[in-house]
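Read through the structure below, which is laid out as structure tokens, and then see the notes.
First listed ligand is number 1; within each ligand, the first listed atom is number 1.
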Amino acid sequence: MSSLTNKRILLGVCGGIAAYKSAELIRKLQIRGADVRVVMTPAAKAFITPLTLQALSGHSVRDSLLDPDAEGGMGHIELARWADLILVAPATADFISKLAIGEGSDLLSTLCLASPALLALAPAMNQQMWAAQITQENVSLLEQRGAALCGPAAGEQACGDVGPGRMLEPEELAVKAEALFECAELSGKTVVITAGPTREPIDPVRYISNHSSGKMGYALAEAAVEAGAKVYLITGPCQLAGPERVSVEQVETAAQMHKSALALAAKADVFIGAAAVADYRIATPAKEKIKKTDNTLTLELTKNPDIISDVASLEQSPFVVGFAAETNHVVEHAREKRLRKNLDLIIANDVSDQSIGFNSDDNAVTLIAESGEQVLGRRNKRLLARDIIQHIAAVLS
Ligand code: PMT
């Protein structure tokens, strides 16, 4: 599997002769499993047509910030949140300069400003422009702010000059993009993650459950694998494909999740409880389908075991991370829950907001530990998962 599998890459194309290579780059990224969308600067259209890039990417190409029709589809903020990586290839001296001063004067520069995604730049320009002190200063400023620099290569240039400033070849860029998602921060560690809902049977055809889709837990599993960990995912019933390189255990009930979790936690370095575990189950599920003879039906519920508390109570307990799904006084309730369940870290999310939390692609959380708190603003769950995994890795190290 490539580390670009299922990754969402926003390819930014600027106005330079190397823009013709962007067509091939789309293919190279797609072959590795990435979903690619393209945004062009107005000048890029002088070098390659939006239609070419649309045909190759399979999505309409955006080039204008002030296009009401395009905004009616995936708006620019949505696009900024969608991306896992913004790869600007070619990145011209002009565009690099715009980014360095924080300008948002076109769609692509605005997206770079508005997105929490990884940013990678593949410079392409005349060797003298690349060598210019201002370009070098701009590039190092962007690197200090976290942008990844891919290239440039040296060689013969379209203008006849020879020197550094050629955009890397599409294959090299795709390999670099893959490397951006791979890190070794959790190498040698074992991470156990619970995800999704549990189902508590009422009778053979009915159950009690909740709205968890599993997206948060699956994204954490993917991010932990990318960080080099051995990952076990214990999942309630979800519609998601199991992430590759992850050992997946399917369970239905809280009792089954409890059993799997305690067995796996014994060999884990990190345990993350992202599952929405039913707090109660039916005391005695009916063996046959319950007939609707009466106007009311009373169900007797009994408390489920608290999986994460039991993991945290193990003699050799791993680093235990819980989630707190709250609808009011989110942070206060989460703080109390961390102490009550004896967790190393709790991640508070507001599930009353339907645009984040349950079943949505995005989330916004507060990380709460003994040592302090950190807010991670709204972003897609995959990016958030990477940030959470990085945070955990930093604490462990
Ligand atoms: O799956 P998604 O649609 O992507 O939604 C993500 C999410 C909202 C489900 C996720 O971000 C989240 O908040 N998961 C925890 C939901 C929850 O059950 O929270 P809680 O506050 O009730 O529980 C606190 C912690 O105890 C959680 O880590 C939970 O997994 C754990 N728990 C709860 C009950 C129980 N019997 N055993 C447990 O281990």
| So is there a nitrogen or oxygen of Ser212 less than 3.5 Å from a nitrogen or oxygen in ligand 1? | yes
| said: So, 4.0 Å and heavy atoms of Pro305: is ligand 1 close enough to count as a contact? | reply: yes
| field | Intermediate values then yes/no, side-chain hydrogen bond (donor to acceptor under 3.5 Å, both in side chains), Asp306 and Ser309 | value | CA-CA 6 Å; Asp306 194 309; Ser309 296; 3.2 Å; yes
| message | Suppose I only count heavy atoms of Lys381 and a 4.0 Å limit; which atoms of ligand 1 are within that range? | response | 2 (P), 3 (O), 4 (O), 5 (O)
| message | Ring of Tyr232, cation from Lys230 - is the NZ or CZ under 6.0 Å from the centre and inside 45° of the axis? | response | yes
| Do the side chain of Ser140 and the main chain of Glu137 share a donor and acceptor less than 3.5 angstrom apart? | yes
| message | How far is atom 19 (O) of ligand 1 from the closest protein heavy atom, and which atom is that? | response | Ala325 N, 3.4 Å
| task | Look at atom 39 (O) of ligand 1 and say which protein heavy atom is nearest, naming residue and atom and giving the distance to 0.1 Å. | result | Ile308 N, 2.9 Å
| request: Assess Lys341 for proximity to ligand 1: is some non-hydrogen atom of it under 4.0 Å away? | output: yes
| message | Looking only at protein heavy atoms, which one is nearest to atom 18 (O) of ligand 1, and what is the separation? | response | Ala276 CA, 3.4 Å
| query | Got the closest protein heavy atom to atom 2 (P) of ligand 1, with its distance? | reply | Ser213 OG, 3.3 Å
| said: Using a 3.5 Å cut-off on N or O atoms only, is Ala324 in polar contact with ligand 1? | reply: no
| Under 3.5 Å: N/O of Gly273 near N/O of ligand 1 | yes
| task | For Ala254 and ligand 1, answer yes if some heavy atom of the residue is under 4.0 Å from a ligand atom, otherwise no. | result | no
| remark: The residue among Asp361, Asp84, Asp387, Asn363 that forms side chain to side chain donor-acceptor pair (under 3.5 Å) with Arg379 is Asp387
| pair Leu180-Leu85: side-chain heavy atoms closer than 4.5 Å | yes
| query | Does any N or O atom in Ala274 lie less than 3.5 angstrom from one in ligand 1, N or O only? | reply | yes
| said: Side chain or backbone, does Gly214 bring an N or O within less than 3.5 Å of an N or O on ligand 1? | reply: yes
| said: Test your reading of the structure: does Gly322 have an N or O sitting under 3.5 Å from an N or O of ligand 1? | reply: no
| field | Straight-line distance of Lys21 NZ to Leu25 CG, nearest 0.5 Å | value | 10.5 Å
| At what distance is the nearest protein heavy atom to atom 6 (C) of ligand 1, and which residue and atom is it? | Met216 CB, 3.6 Å
| Side chain, backbone, both or neither: which part of Lys337 has a heavy atom under 4.0 Å from ligand 1? | side chain
| query | Going only through I, L, V, M, F, W and Y residues with side-chain contacts under 4.5 Å, is there a path from Leu99 to Met129? | reply | yes
| remark: Nearest heavy-atom approach of Gly236 to Gln250 is O-OE1, 4.4 Å
| message | Looking at ligand 1, would Met257 count as a contact under a 4.0 Å heavy-atom criterion? | response | no
| Min heavy-atom dist Ala275 to ligand 1 below 4.0 Å | yes
| note | Closest to atom 27 (C) of ligand 1 among protein heavy atoms sits Phe323 O, 3.0 Å
| said: Against Phe271, only a single residue in Val320, Ile193, Val191, Leu343 fulfils side-chain contact (heavy atoms from CB on, under 4.5 Å); can you say which? | reply: Val320
| task | Using the salt bridge (Lys or Arg N to Asp or Glu O under 4.0 Å) rule, take Lys176 and Glu172 through it: C-alpha gap first, then chi angles, then the decisive distance, then the call. | result | CA-CA 6 Å; Lys176 292 223 177 260; Glu172 293 173 285; over 6 Å; no
| task | Report yes or no: does Lys381 contribute a side-chain atom to a donor-acceptor pair with the main-chain N or O of Ser360 at less than 3.5 Å? | result | yes
| request: Indicate, as side chain, backbone, both or neither, the part of Val351 found under 4.0 angstrom from ligand 1 when only non-hydrogen atoms are considered. | output: side chain
| said: Is there a polar contact between ligand 1 and Lys215, counting only N or O atoms under 3.5 Å apart? | reply: yes
| said: Under 4.0 Å from a heavy atom of Asn359: which atoms of ligand 1 are those, numbered in the order shown and with their elements? | reply: 2 (P), 3 (O)
| message | Could you measure the distance from the CD atom of Gln256 to the OG1 atom of Thr198? Nearest 0.5 Å is fine. | response | 9.5 Å
| What is the closest protein heavy atom to atom 9 (C) of ligand 1, and at what distance does it sit? | Phe358 CE2, 3.5 Å
| Heavy-atom nearest neighbour of atom 34 (C) of ligand 1 within options Val365, Leu384, Asn349, Asp279 | Asp279
| note | heavy-atom search around atom 37 (N) of ligand 1 in the protein gives Ile307 N, 3.1 Å
| request: Please report the closest heavy-atom contact between Cys238 and Ser213, naming both atoms and the distance. | output: SG-O, 3.3 Å
| said: Would the distance check show the side chain of Ser109 and the main-chain N or O of Ser105 forming a donor-acceptor pair, the cut-off being under 3.5 Å? | reply: yes
| query | Are Val225 and Val192 co-members of a hydrophobic cluster defined by side-chain heavy atoms under 4.5 Å apart? | reply | no
